[in-house]
Amino acid sequence: MSPSLPLPTAAATPVLGTPHDLPKPPGLTWRVQSREPVGYDVNIVRGLLAPANPVLARACGADGQQPTRCLVVVDDKVHTLYAERIRAYLDAWRVESFWKVLPGDEAAKELDSAVEVTEAMTAMGLLRRTEKVVAVGGGVVLDVAGFAASLYRRGVPYVRVPTTLLGQIDAGIGVKTGVNHGTHKNRLGTYYAPETALIDPEFLATVDPRHIVNGTAEIIKMALVKDAALFELLETTFAGAGPQSLAAGGPAATEVISRAIAGMLDELEPNLWEQVLERSVDYGHTFSPSLELRADPPLLHGEAVAVDMAICVALAHHRGLLSADDTDRALRLMHTAGLPITHPVFTTDLLEEALRDAVKHRDGFQRVPLTDGIGRVRFVNDLTREELGRAREFVRQRAAAQGVPEDAGVLAAAS
Ligand SMILES: NC(=O)c1ccc[n+]([C@@H]2O[C@H](COP(=O)([O-])OP(=O)(O)OC[C@H]3O[C@@H](n4cnc5c(N)ncnc54)[C@H](O)[C@@H]3O)[C@@H](O)[C@H]2O)c1
């Protein structure tokens, strides 16, 4: 027997010419995965424009020693009322400011306004990472400026300074930006977090009363969907000092605002990009997007939300989810706040059409949040036209029984 040769093992002796040693051809399919951490601060800061207060300056990357620059995108009314103080503050911190003044109000929330903001960035030669866009205004200016910031060079950092009640407890603290298009609210938009949101309740002192009432709608929403204690606090605050007391400061106002912000952030944080489409913060936002821009004269965002919430209160009541007493309390709170609870544009046909649009927005299901007692929600997917009609009629009769003509809240507040 001849001595046996050691048997080659696959690892030690690749056989030349087999596919193993040939360079691999490129594949035909790749998968790229990445995560972008999002972190931003929301701070309530009184005296934001006091020259000794460093918070806004720091948000602009200023230390008072090295010169810096920023673009201030500011609401026109805020500009009239506060431009001098903002400019003096920024000068004191050696921030060279460039300004873009935008009209507030819904009519100006359009693509052209966002493009104009990007043009202002080009005109000043905004540095892409270090120089900030500082948006100062109500929800409209914040949404437009945030949208522009998300588009410009695919994203530049921005700071939000909300100056209306609705801005401070809602529009200014999430990550959504957008503009209206056609008759559709926020049809074009992005998710784009600010670096920080700085909330100074002192801005509320100059806000028109109707816009304070407007902001209360989103606070009532948070109370209805997750904070029964906030609901009770609102009942006592509105019955005693009235909704305008939220603009005057004081301990109750501070507690209301901070509870509303906490509740809102609690709901937004785990679902910033809305992967989960069952969102309790969508309460009051099922039918209202179709109503808001169609009413003539147009309703404010919070007013449309209130009319939607009133329908949802009735829907919940008819499904046995909300007692007669809590149904009364909810409708009364909206009315005491000065919000409308019905509107003539809201026919059963429009409610049905609005629900159809919401189903598209919510990827094929109704996912309508309804109160399950005050302070809790449950989602339903089987609302019928009959229920919508009955709910509408219920609210209409309640309003009439209280001697409230349709859209009286709007008229009272506007006059
Ligand atoms: N991005 C979000 O997550 C989000 C959430 C809720 C609402 N929104 C949007 O917010 C918008 C509504 O925001 P809004 O109610 O603040 O309206 P708004 O921005 O139109 O402001 C209301 C009015 O108040 C004026 N104003 C602003 N600050 C002032 C001040 N301190 N003193 C005096 N006047 C002042 C404005 O010029 C305007 O006339 C809607 O377009 C809505 O879609 C966005």
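Each ligand, and each atom within it, is numbered from 1 in the order the structure gives.
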With heavy atoms under 4.0 Å as the rule, classify the contact between [X] and ligand 1 as side chain, backbone, both or neither.
{"X": "N214", "value": "side chain"}
{"X": "N180", "value": "neither"}
{"X": "N186", "value": "side chain"}
{"X": "T206", "value": "both"}

Are any of the N/O atoms on [X], whether in the backbone or the side chain, positioned under 3.5 angstrom from an N/O atom of ligand 1?
{"X": "K176", "result": "yes"}
{"X": "E218", "result": "no"}
{"X": "E106", "result": "yes"}
{"X": "V140", "result": "yes"}
{"X": "L81", "result": "no"}
{"X": "K185", "result": "yes"}
{"X": "D143", "result": "yes"}

Return the closest protein heavy atom for [atom] as residue, atom name and distance.
{"atom": "atom 27 (C) of ligand 1", "answer": "T164 CG2, 3.3 Å"}
{"atom": "atom 12 (C) of ligand 1", "answer": "L166 CD2, 3.8 Å"}
{"atom": "atom 38 (C) of ligand 1", "answer": "D105 OD1, 3.2 Å"}
{"atom": "atom 5 (C) of ligand 1", "answer": "D170 OD1, 3.1 Å"}
{"atom": "atom 17 (O) of ligand 1", "answer": "G139 N, 4.1 Å"}
{"atom": "atom 36 (C) of ligand 1", "answer": "D75 OD2, 3.0 Å"}
{"atom": "atom 28 (N) of ligand 1", "answer": "T163 OG1, 2.7 Å"}
{"atom": "atom 2 (C) of ligand 1", "answer": "A171 CA, 3.7 Å"}

Are the aromatic ring centres of [X] and [Y] under 6.0 angstrom apart?
{"X": "H301", "Y": "H285", "result": "yes"}
{"X": "Y82", "Y": "F203", "result": "yes"}
{"X": "F147", "Y": "Y192", "result": "no"}

Taking [Y]'s backbone N and O only, do any of them form a donor-acceptor pair with [X]'s side chain (distance below 3.5 Å, no angle check)?
{"X": "E235", "Y": "L333", "value": "no"}
{"X": "N381", "Y": "R367", "value": "yes"}
{"X": "K221", "Y": "V281", "value": "yes"}

By number and element, which atoms of ligand 1 are closer than 4.0 Å to a non-hydrogen atom of [X]?
{"X": "V207", "result": "29 (C), 30 (C), 31 (N), 32 (N), 33 (C)"}
{"X": "K109", "result": "9 (C), 40 (C), 41 (O), 42 (C), 43 (O)"}
{"X": "D76", "result": "37 (O)"}

Closest approach of C60 to L90 (non-hydrogen atoms, all atoms of both residues):
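Result for this residue pair: SG-CD2, 4.3 Å.
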Could you tell me whether E267 and K226 make a salt bridge, using a distance below 4.0 angstrom between a side-chain N and a carboxylate O?
yes
